[in-house]
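Remarks on the structure that follows.
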Amino acid sequence: MKISITSFTARGTRLCCQLAGRLNSGADECTAFVPGRFLDTYCGAGDVEGRIRCRDMSLSQWTGTMFREQSAIVFVGAAGIAVRAIAPFIKDKMTDPPVVVVDEGGRFSIPILSGHVGGANALAERISGCIGAVPVITTATDVNGLFAVDVFAAANGLALTDREAARQVSARLLDGGKVGFFHEFGDWSAGVPRGCCTDPGEYNIWITVRDSALALERSLVAAGPCHVLRLVPKAVVAGVGCRRGVEPLVLEQQVLEGFRKHGIDPASVKALASIDRKKEEPALLALAGKRGWALRFYSAAELGQVCGTFTESSFVEQTVGIGNVCERACMAGGGRLLFGKEAGGGVTVAAAVEPFKLDIEKYR
C-alpha cells in the first residue's frame, strides 16, 4: 500500500514524520508531505530514505493528486480540515482511497473514508498500534462485531457484483438475521463466517465464477423470495489457440462468446494461456493488457504432459507439435475444465477453474 501523510502545524508535523518512519514496511511505502516552513526542521540527516518531502502545492491540489494516485491518505490535524479537503474528490466507495485523520496529539485515529473496501479501518488500527492512539471505528458491522461482506470480499480478492445486494446482506446481519453462505471450492472445513449458515434463506452469498445467480436461486428456493449476492474470485484460466495475425477484436469476441455461452463471468478470469509459439502474438498481448489478465505460455512438450481427454487436431499437431492447445493450456496449472474447445474466426478457446483458497477462519 502507498501511504501519504500530511500535516498543518509544527506539532502535527513532528507526529507526521514519526508515522512516516513507523508505517514503512516491506509491502508499504509511506511518505510524509510537510509544509515548507517546517521542512528544514524535520527533513534532516535522519531522513535517509527520503520519507519526508515538502508539500509544495496547496492542500486541495495535494489531496487531488493523492486521489488520482490511489494513495491512502493520513491527515494529522483537525477532522474538519480533512473533510473539506477530500470533499471535491469523493466519487465512489468502491474506488475512493482510504482516508484516516489523526489528531496532532496522537490520541485518536479516525477512518473517515473507505473504511471497509479501501482499508481505512485497518489502517487506523495499524496507526493506533504505532503511536498508542485510540482507533475510532464507526462502521456498523464493526461496532456490532458482525461479518462485513465487503471487507471479506476485498481481503479474498473477490469481485463484489451487486452493491444493493451487499447492502441488503449487511442489513440482514445487522437485524440479527442469518445469511446463507455457499461456494464452489470444495473445502468447508473452515466453516462459514459469523452470522452466516449453510442453509438457504431469503439472503445468500455465493462465491462463484458463474455470471448469474439464477441457477443457485432456483436450486435454493423452496418457497418465498431468494436474493443471492455473487462474489467472484479470480480463478479461471482461458486457454487460447489462434492463427497467426488474427485480428484482436476477433480474438476478444471469440473468447468472450465462450464465456457467455457457458455462463462464466469474465471478472473471474486471471490469465490467458497458450503455446509458447504465441508469445509475440499481438492479439493475445492486446487482450491480456486490456483486461488485466496474466499471460502463460507453455512448450509443446509441457502441454503434452497435461492429463486428460482432449479434442485433438492432426493439422494443429503438424503445425505446432501438439494436437490441442487451448484445452491443455488452460489446464496446465492444475485446473478443472469448465468448457472444452470452442472454435471460430481462426480462434479456439477453452476454460478451466483452478483451486482457490478462501480465508474464512478470521471471519468466524
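FYI, side chains are in, hydrogens and waters are out, and symmetry mates aren't considered; it's all heavy atoms of this structure.
- One distance of note links OG of Ser114 with CG of Leu123; it measures 11.5 Å at 0.5 Å rounding.
- Taking the six-membered ring for Trp and thresholds of 30 and 60 degrees, His183 and Phe185 have nearly parallel ring planes, at less than 30 degrees apart.
- A donor-acceptor distance shorter than 3.5 angstrom exists from the side chain of Asp103 to the backbone of Phe108, with no hydrogens or angles considered.
- Contact detail for His116 and Ala148: the closest heavy-atom pair is CE1-CB, 3.7 Å.
- Atom CD of Glu257 has more than 12 neighbouring heavy atoms from other residues, nucleotides or ligands inside a 6.0 Å radius.
- Inter-residue side-chain proximity for Ile205 and Phe152 is flagged as unmet; no heavy-atom pair is nearer than 4.5 Å.
- Put simply, the side chain of Arg22 does not reach to within 4.5 Å of the side chain of Asn24, judged on heavy atoms.
- A pairwise comparison of heavy atoms in Cys17 and Val34 identifies SG-CG1, 4.0 Å as the closest pair.
- Results of the side-chain hydrogen bond (donor to acceptor under 3.5 Å, both in side chains) test with Arg230 over Asn204, Asp211, Asp265 single out Asp265 as the only residue that passes.
- Hydrophobic clustering (ILVMFWY, side-chain heavy atoms < 4.5 Å, transitive): Ile73 and Met94 are in distinct clusters.
- Across all non-hydrogen atoms, the minimal contact from Gly241 to Val325 is CA-CG1, 4.4 Å.
- In this structure Glu164 satisfies the side chain to side chain contact (heavy atoms under 4.5 Å, CB included) test together with Asp162, Arg167, Gln168, sequence neighbours excluded.
- When all heavy atoms of Ile5 and Ala20 are compared, the closest pair comes out as CD1-N, 3.9 Å.
- Proximity of Val306 to Glu327: side-chain heavy atoms (C-beta onward) are nowhere separated by under 4.5 Å.
- Follow the hydrophobic side-chain contacts under 4.5 Å out from Phe67 and you never reach Val117; the two are in separate clusters.
- With sequence neighbours excluded, no residue forms a side chain to side chain donor-acceptor pair (under 3.5 Å) with Lys234.
- Counting non-hydrogen atoms of neighbouring residues, nucleotides and ligands closer than 6.0 angstrom, the CZ atom of Arg244 reaches no more than 12 such neighbours.
- Not a single donor-acceptor pair under 3.5 Å links the side chain of Asn156 to the backbone N or O of Leu358.
- At a threshold of 4.5 Å between side-chain heavy atoms, the hydrophobic network of Ile, Leu, Val, Met, Phe, Trp and Tyr places Val240 and Phe297 in one connected group.
- Side-chain contact between Asp28 and Leu23: absent, with no pair of heavy atoms (C-beta onward) separated by less than 4.5 Å.
- Phe8 and Ala78 make their closest contact through CE1-N, 4.3 Å (heavy atoms, listed as atom of the first residue, atom of the second, distance).
- Atoms CG and CG, on Leu251 and Leu256 in that order, are 9.5 Å from each other to the nearest 0.5 Å.
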Exercise for the section: Tell me, with the steps shown, if Val347 and Gln253 meet side-chain contact (heavy atoms from CB on, under 4.5 Å). Expected result: CA-CA 10 Å; Val347 176; Gln253 289 176 337; over 6 Å; no

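- The cluster map of Ile, Leu, Val, Met, Phe, Trp and Tyr, joined by side-chain heavy atoms under 4.5 Å apart, puts Ile127 and Ile52 in different clusters.
- Under the side-chain contact (heavy atoms from CB on, under 4.5 Å) rule, Trp206 has a single partner from Val232, Val228, Leu229, Thr161, which is Val228.
- For the pair Phe38/Arg14, no side-chain contact is recorded, criterion being any heavy-atom separation below 4.5 Å from C-beta on.
- For Phe33, the ring-ring contact (aromatic ring centres under 6.0 Å, His included) partners at least two apart in sequence or on another chain are Trp62.
- Between Lys178 and Asp199, none of the side-chain N atoms (NZ, or NE/NH1/NH2) sits under 4.0 Å from a carboxylate O, so this pair counts as no salt bridge.
- The structure places CD of Gln254 at 11.0 Å from CZ of Phe259, a figure rounded to the nearest 0.5 Å.
- Going from atom CG of Leu113 over to atom CD1 of Ile90 covers 5.0 Å, rounded to the nearest 0.5 Å.
- Taking the side chain as every heavy atom from C-beta outward, Val102 and Ile131 approach each other to under 4.5 Å.
- When hydrophobic clusters are built by joining Ile, Leu, Val, Met, Phe, Trp and Tyr residues whose side-chain heavy atoms come closer than 4.5 Å, directly or via intermediates, Ile112 is grouped together with Leu59.
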Exercise for the section: Before giving the answer on side-chain contact (heavy atoms from CB on, under 4.5 Å), spell out for Ser109 and Val100 the whole-Å C-alpha distance, their side-chain angles and the decisive distance to 0.1 Å. Expected result: CA-CA 7 Å; Ser109 178; Val100 176; 3.6 Å; yes

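- Sorted by first and then second residue, the pairs that involve residues 83-100 and meet side-chain hydrogen bond (donor to acceptor under 3.5 Å, both in side chains), not counting sequence neighbours, are Asp92-Arg163.
- Arg194 CZ: more than 12 foreign heavy atoms inside a 6.0 Å radius.
- Atom CG of residue Asp276 and atom OH of residue Tyr298 lie 11.5 Å apart, to the nearest 0.5 angstrom.
- Side-chain atoms of Lys270 and Val237, non-hydrogen and from C-beta on, do get closer than 4.5 Å to each other.
- Applying the salt bridge (charged side-chain N to carboxylate O under 4.0 Å, His left out) test to residues at least two apart or on different chains, none of the pairs has a partner in residues 72-83.
- Residue pairs meeting the salt bridge (charged side-chain N to carboxylate O under 4.0 Å, His left out) criterion with at least one member in residues 55-70, sequence neighbours excluded, are Lys2-Glu69.
- Between His262 and Phe339, the angle of the ring planes stays under 30°, which puts this pair in the parallel group of the 30/60° scheme.
- You'll find the side chain of Val179 stays beyond 4.5 Å of the side chain of Phe147, heavy atoms only.
- In this structure a side-chain-to-backbone donor-acceptor pair under 3.5 Å is missing from Ser7 to Val76.
- Rounded to the nearest 0.5 Å, atoms OG (Ser170) and CG (Asp175) are 11.0 Å apart.
- Heavy atoms only, all atoms of each residue included: Leu295 and Leu284 are closest at CD2-O, 4.2 Å.
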Exercise for the section: Show your reasoning for whether side-chain contact (heavy atoms from CB on, under 4.5 Å) applies to Val349 and Lys341. Expected result: CA-CA 5 Å; Val349 59; Lys341 182 170 74 173; over 6 Å; no

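- No donor-acceptor pair under 3.5 Å is formed between the side chain of Glu29 and the backbone N or O of Ile3.
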Practice task
Could you give me the CA-CA distance, side-chain angles and deciding distance for Val149 and Leu231, then say whether side-chain contact (heavy atoms from CB on, under 4.5 Å) is met?
Solution key: CA-CA 9 Å; Val149 67; Leu231 302 180; 4.0 Å; yes

